[in-house]
Amino acid sequence: MTSIPRRRPPLLVLLTLLVSALIGWVPPLAHAAPATSVTIDGTKPGLTFDGVGAISGGGGNTRLLVDYPEPQRSQLLDYLFKPGYGASLQVLKLEIGGDTNSTDGAEPSHEHTRGAVDCQQGYEWWLAKEARARNPEIKLAGLAWGAPGWIGNGKFWSRDMIDYLMSWFGCARKHGLTIDYVGGWNERNWDAEWYKTLKSTLVAKGYRTKVVAADSDWKVADAMKTDSAFKDAVDVVGVHYPCGYLGDYPSCPNTDVAQGLGKPLWASENGSQDTDTGAPAAARAINRDYIDGKMTAYFNWPVIAAIYPNLHFSTDGMSLAQQPWSGNYHIGKTTWVTAHTTQFTRPGWHYIDSASGYLGGDKANGSYVSLKSTNNRDYSTVIETMDATAEQTATFTVKGGLATGTVHVRSTDVTSSDTADHFVPGPDITPSDGTYSLTLKPGHVYTLTTTTGQGKGTAEPPSAAAMKLPYSDDFDKPAATTNPRYFSDMNGAFKTVHCGGGRTGTCLRQMAPSVPIRWTDEPYHAPYTIMGDGSWDDYTVTADAMLEKSGSVELLGRVGQQGRNNNGLNAYHLRVGDTGAWSIDKSDTSWKFTTLASGKTRAPGLNTWHRVSLKMQGQKLTASLDGKTLGSANDSSFAKGQAGLGVTGYQTQQFDDFTLTPVTPPAPAATVGGGNVSVGWSIPNTPSSGLTNITFPLTVNQATAHQSGIYFAQQYSFANGMGYTGLQPRENSGGGERLSARFSTFTAGASTTDPNCHEGADGGPGVTCAVDFDAVYGHRYDITVERTADDTWTGTATDTVTGASTHLGTYTLPAGSGNLQGSQGGFVEYYAGIPSCSEMPRSDVVFGGPTSTDAGGLNGTTRANYEYSDCVGQSDYHAEDDGTGTHVTRGFVSDNT
């Protein structure tokens, strides 16, 4: 540490003590804390800052935002784009839709067939206009993940693709938007001649748009070095994940060749991490991209997780918006980490290289970057201490024409889940002779600035709630976009159009007439769209369908987990073809289809309307056409899930009068159902190959009724199959407390020889393992599901207080069932029924955040969603976050004798 000048020690010492007392920063002991001295000199050089932004697209991740009600929709947009309110994004990259899946969904093309341009397709133009309305200075970029099949006869790197981009630019102009940057094909390398043609075409048409290449890795720089015309055509070198993929982002290097090109270098995609647990990585990367790699722009993927929670990257982005029907949302810590740069800088500012680096010269202490305004007076310094283990002192000396007056301070405790600890203003600092000091705490982000205008949004969301049935959509009422409300396309493009087949009004049509140029590699890539709430169990999905082309339409029911990049889907499918062939099928997360029932009926033919229906009640699935039962099947693979519509190939089929009707089970004679509480869990950064173990912490607190009939469960999914595990209270015995542990799978073909287990689960296929044991209410039990051999899984419950371990059972799944997936749901269930809602036995349980020892150790979260079924609003239900878990209480009557 450089000592504070001795000629005026009393003033500086008093200043430091005053600032520390006011903002909670305690000056560290001289022998204990690392120290850093930084000179912020406005005359020193540095590269031009191009901004911090995010990506809408690469997977339909903004889809649900447009369907949010007001005022929540505007609140979410403000948190993303409004200066001085939230993330205050400076650049927005838009997907140029191509009718094909691009991670967690498909974005529609503006030109499904050659020459038929429709500038109203999708929601990206809407988002761009909303962003620019809030921040007229925001920069816009475009990038394609795929393209319609007519492009270049299936070849992306073609003149057709450049013409396609020019028609997209024309749409931007019609919407009053200017595109500042454009790229080629996301993460699919490059074609140098194509880029040259793109640049010359842009210039010839009068566009000043800068070209970014190649949204892949640093190898493009090597190609540019040896091809001067290619180099001249490219304005910005954009690379993806220069700090690594799904890691901590500790180091963010470039290459000597890239830096030698003299072009701006961008981290043009980063992120892919949970909105909360990914915040530390974002904090590192925004600083270290420049310190290590001289990258002057940072883009987070995605901008928001406005997608359904059964999709793979469902918690990534600045914020979460997964319930447009309730208006509930969550502003993540990544928002505030981002704000520490975006609210204090503008594109066009300059870094000060000599005032950017690592605290104490060591990455383990954290990093800092300093930027100066174009007025050469104002400056901001952003500091992160993600990996620090102790407090440390930093001293700053300002010179070279920069303002030496009041310094404003903001801080975020990234380790805290309390929103009150995020983006907190601290007391102003008055430098002495241009010098000031402060103490930095571990796990924090700080910004020091001479600018003003920063702020933290105050809008709060309503509570989450299940989407209620019945539900219907005749597609006649205009939605916010050409997509019907709540429907999210996974492949193809479903748009509301004038009905065919002699029907008046508006219908839903699949618009892509041929297989697109694809970005994902899923083995089954037919068009389908999904909607609704994953908690729906027994219901009937019905729609009118008209086949324009020979092929099949399908209804989807109990839609659950989707495989990464659409590489599978847990769902039931009712398929009806123009020839009269029909089938009830189920698919899994590897797109393995199993036909449960099939047959043939009178041919529906083409261009005529028919009513198609799939009823799901318990294990029974019933198919109907025009009111006539086609057949039925029994299967217990999927108990709950969303609904959807599909086409089994790229045909332009139509749908109308979509309805969802609950199937009401008969009420029990002497009791009412106690209802349930839904919880959800996820483990961010789960490897694509899945997990070999997950530990679910459960604490059944003393207030819980010590009696049978209640189940605290966490469900889990394999690549093909599912199960659940958890604890059930039992009556006391011999003066001691008892619990029963469950460990089950519902996977057909599962087997066991374990004495704690038997084949069959909940009346269907699978295996059930159960053990009653002496227990202590209030102790946390870690229930571990672990692969102990190929396709063999073992359950164990461990008392974390005493260390006592209880073997629950072992079962073997069919070969190829795969590993555990990284997210699922759980519940509190009163499975035995109760006399009345007012006599509901008390539940008091903490579902802890799940963990895994895979990938160096992974930590997840569990959150309560809502109560449902009987007794909603009558059960004294409460749920609150408890660290990485959730504390749920429900009911009134406890008998703990």
Side-chain angles (χ1 to χ4, degrees), residues 55-64 95 97-109 122 144-149 185-188 272 301-302 305-317 322 483 487-494 510-512 514-532 534 554 556-573 575 585-593 638 641-650 682 686-690 717-720 818-819 821-824:
I55 304 166
S56 174
N61 33 64
T62 312
R63 170 63 193 94
L64 299 182
E95 178 176 353
D99 298 338
T100 188
N101 189 279
S102 50
T103 301
D104 285 324
E107 304 233 1
S109 166
W145 270 252
W185 192 1
N186 181 72
E187 296 175 352
R188 292 298 179 266
S272 295
W301 182 91
I307 59 176
Y308 287 118
N310 54 322
L311 304 179
H312 187 82
F313 292 98
S314 62
T315 64
D316 295 5
Q322 301 178 332
N483 292 99
F487 279 86
S488 184
D489 299 349
M490 295 295 112
N491 254 324
F494 291 79
Q510 198 292 115
M511 301 298 293
S514 61
V515 177
I517 298 172
R518 298 165 58 209
W519 186 77
T520 50
D521 60 355
E522 67 270 47
Y524 177 77
H525 52 87
Y528 72 100
T529 184
I530 60 175
M531 63 83 66
E554 64 176 8
L556 283 77
R558 291 182 179 170
V559 176
Q561 185 66 42
Q562 186 187 83
R564 180 173 177 166
N565 292 352
N566 193 42
N567 268 284
L569 185 73
N570 287 338
Y572 293 117
H573 308 247
R575 293 171 165 173
D585 303 282
K586 68 174 178 180
S587 58
D588 65 17
T589 52
S590 62
W591 282 126
K592 176 185 176 183
F593 282 92
F638 313 126
Q642 300 167 294
L645 301 169
V647 179
T648 57
Y650 280 83
S682 65
T686 293
S688 59
S689 59
S717 294
F718 302 100
N720 182 20
N819 286 329
Q821 304 299 293
S823 62
Q824 243 290 359

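Keep in mind it's a predicted model, so treat the numbers as computed, not measured. In what follows, residues are counted from 1 in the order of the sequence shown.
Counting heavy atoms from C-beta outward, H312 and D104 have side chains that approach closer than 4.5 Å. Two residues are said to be in side-chain contact when any heavy atoms from C-beta on lie closer than 4.5 Å; W145 and T100 fail this criterion.
Closest approach of S488 and Y308 over heavy atoms only: CB-CE1, 4.1 Å. When all heavy atoms of N186 and W519 are compared, the pair lying nearest together is O-NE1, 2.9 Å. Taking both residues in full, the closest heavy atoms of A512 and G492 are given as CB-CA, 4.5 Å, listed atom of the first, atom of the second, then distance. Looking at every heavy atom in both residues, P527 comes nearest to G649 through CD-O, 3.4 Å. In terms of heavy atoms, P108 sits closest to A493 at CB-CB, 4.0 Å. Nearest heavy-atom pair, T62 versus S56, reported as atom, atom and distance to 0.1 Å: OG1-OG, 2.6 Å.
T315 pairs by the side chain to side chain contact (heavy atoms under 4.5 Å, CB included) definition with D274, L320, S682, not counting sequence neighbours. Looking at residues two or more places apart in sequence or on another chain, you find a side chain to side chain contact (heavy atoms under 4.5 Å, CB included) between T529 and F487, D489, F494, L645. Every residue meeting the side chain to side chain contact (heavy atoms under 4.5 Å, CB included) condition with S717, not counting sequence neighbours, appears here in chain and number order: M722, Q821, Q824.
A side-chain hydrogen bond (donor to acceptor under 3.5 Å, both in side chains) with N310 holds for exactly one of Q322, Q642, Q562; it is Q642.
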Check your understanding: Does the side chain to side chain contact (heavy atoms under 4.5 Å, CB included) test come out yes or no for N570 and V559, once each step is laid out?
Key -> CA-CA 6 Å; N570 287 338; V559 176; over 6 Å; no
Exercise for review: Might you work through the side chain to side chain contact (heavy atoms under 4.5 Å, CB included) test for D99 and Y650, ending with a clear yes or no?
Suggested key: CA-CA 10 Å; D99 298 338; Y650 280 83; 5.6 Å; no
Check your understanding: Does the pair L569 and W591 meet the rule for a side chain to side chain contact (heavy atoms under 4.5 Å, CB included), with working shown?
Key -> CA-CA 6 Å; L569 185 73; W591 282 126; 3.6 Å; yes
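The NE2 atom of H525 lies 9.0 Å from the OG1 atom of T520; values are rounded to the nearest 0.5 Å. Atom CG in N567 sits 11.0 Å away from atom CG in D588 (nearest 0.5 Å). Distance check, rounded to the nearest 0.5 Å: CD of Q561 to CG of L311 gives 7.5 Å. Atom CZ of R564 sits about 13.5 Å away from atom CD of E522, to the nearest 0.5 Å. Of the inter-residue distances, the one linking T648 atom OG1 with R575 atom CZ reads 6.0 Å to the nearest 0.5 angstrom. Rounding to the nearest 0.5 angstrom, the gap separating the OH atom in Y572 from the CG atom in L556 is 12.5 Å.
The closest donor-acceptor contact from the side chain of S102 to the backbone of G59 lies under 3.5 Å.
Using cut-offs of 30° and 60° for the angle between ring planes, the Y524 and F593 rings count as perpendicular.
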